[in-house]
Amino acid sequence: MTRGDTAKRLYLSGYNCTQSVVMAFEDMLGYDAKTVALITQPLGTGIGGMREVCGTVSGMAVVLGILFGGDDPKNPLKRREIYKRVQELSQRFEKDNGSIVCRELVGMTKLGTSKGNPYDRPSDYKKRPCPELVKYAADILEEYIEEHKNELK
């Protein structure tokens, strides 16, 4: 079972997109599931349900920050490094999925537009690609971590 499979299972059990991606890596992060779920909940559905940056992309950024980021505010090199990692994975996600914007990914607007209704009915979720996007994000993140495991802090 891949971490993507785990993330998809978590999503289908009721966690949001960001929670699902991050919780799939819980064993690597040093935080328990409850803490991860609490910290990442506000980032779901495009940050607080606003349909902005896809929660799966936010989830990848959170995991990258914990595993590869720095905590010294006076170290701009580390900051640039983590930004580069986030941008690399975000670009891959966008290339393969057409966007990193939630409302575009779920078909609430045309790709490349910024207008859309940030609210929808729960019944609309059955038509959404979210379970597969959650799986995809966790899988490419797992692959990235494996490729860069010698750089983990």
Colleague: So how far is it from Asp32 CG to Met23 CE, rounded to the nearest 0.5 Å?
Modeller: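 If I round to the nearest 0.5 Å, the distance is 9.0 Å.
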Colleague: Measure the spacing between OG1 of Thr35 and CG of Leu29 and express it to the nearest 0.5 Å.
Modeller: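 Reported to 0.5 Å precision, the distance equals 11.0 Å.
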Colleague: Show me the donor-acceptor pairs, under 3.5 Å and distance only, between side chains in residues 52-74 and residues at least two apart or in other chains.
Modeller:
from  : atom 1 : to     : atom 2 : distance (Å)
Glu52 : OE2    : Arg103 : NH1    : 3.3
Asp72 : OD1    : Lys74  : N      : 2.8

Colleague: Please find the pair of heavy atoms, one from Val106 and one from Cys130, that lie closest to each other, and give the distance.
Modeller: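 Taking every non-hydrogen atom into account, CG1-SG, 3.9 Å.
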Colleague: What pairs with Glu151 under salt bridge (charged side-chain N to carboxylate O under 4.0 Å, His left out), at least two apart in sequence or on another chain?
Modeller: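 Result, salt bridge (charged side-chain N to carboxylate O under 4.0 Å, His left out) vs Glu151: Arg85.
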Colleague: Measure the CD1-CG distance between Ile100 and Leu105 for me, rounded to the nearest 0.5 Å.
Modeller: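 If we round to the nearest 0.5 Å, Ile100:CD1 and Leu105:CG are 9.0 Å apart.
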Colleague: First locate atom CG of Leu133, then atom OG of Ser20, and finally report the distance between them rounded to the nearest 0.5 Å.
Modeller: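 Between atom CG of Leu133 and atom OG of Ser20 there are 12.0 Å.
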Colleague: Of all the heavy-atom pairs spanning Cys102 and Gly46, show the shortest one and how long it is.
Modeller: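 Answer, listing the atom of Cys102 first, then Gly46: CB-CA, 3.9 Å.
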Colleague: Compare every heavy atom of Val134 with every heavy atom of Tyr11, then report the nearest pair and how far apart it is.
Modeller: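 Closest heavy-atom pair between Tyr11 and Val134: CD1-CG2, 3.9 Å.
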Colleague: Output yes when Arg3 and Asp27 qualify as a salt bridge under the 4.0 Å nitrogen-oxygen rule, no when they do not.
Modeller: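 Judged by the 4.0 Å cut-off on N to carboxylate O distance, Arg3 and Asp27 do form a salt bridge.
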Colleague: What do the steps show when you test Gln41 against Asn16 for side chain to side chain contact (heavy atoms under 4.5 Å, CB included), and what is the final call?
Modeller: CA-CA 7 Å; Gln41 186 179 47; Asn16 74 31; 4.0 Å; yes
Colleague: What distance separates Gln19 CD from Glu26 CD, expressed to the nearest 0.5 Å?
Modeller: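 Here the rounded value is 12.0 Å.
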Colleague: Can you list the residues that meet the salt bridge (charged side-chain N to carboxylate O under 4.0 Å, His left out) rule with Lys84, with sequence neighbours excluded?
Modeller: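 With sequence neighbours excluded, Lys84 shows a salt bridge (charged side-chain N to carboxylate O under 4.0 Å, His left out) to no residue whatsoever.
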Colleague: Check this for me, if you would: do Asp5 and Arg9 make a salt bridge, where the nitrogen-to-carboxylate-oxygen distance has to be below 4.0 angstrom?
Modeller: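 No salt bridge links Asp5 with Arg9.
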Colleague: In plain terms, say whether Glu143 and Arg92 are close enough for a salt bridge, that is, a side-chain N and a carboxylate O under 4.0 Å apart.
Modeller: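 Yes, Glu143 and Arg92 are salt-bridged.
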Colleague: Are more than 12 heavy atoms, taken from residues, nucleotides or ligands other than Phe25, located less than 6.0 Å from that residue's CZ atom?
Modeller: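 Check passes, neighbour count above 12.
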Colleague: Can you give me the closest heavy-atom contact between Val21 and Ala137, atom names plus distance?
Modeller: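 For Val21 and Ala137, the tightest heavy-atom pair comes out as CG2-CB, 4.2 Å.
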Colleague: Set out, in order, the CA-CA distance, both residues' side-chain angles and the distance that settles side chain to side chain contact (heavy atoms under 4.5 Å, CB included) for Thr2 and Thr6, then state yes or no.
Modeller: CA-CA 7 Å; Thr2 69; Thr6 300; over 6 Å; no
Colleague: Are Glu132 and Lys135 ion-paired here, with the side-chain N under 4.0 Å from a carboxylate O?
Modeller: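 Looking at Lys135 together with Glu132, the answer is no, because their closest N to O distance does not fall below 4.0 Å.
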Colleague: Rounded to the nearest 0.5 Å, what separation is found between the CD atom of Gln87 and the OH atom of Tyr83?
Modeller: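 If I round to the nearest 0.5 Å, the distance is 9.5 Å.
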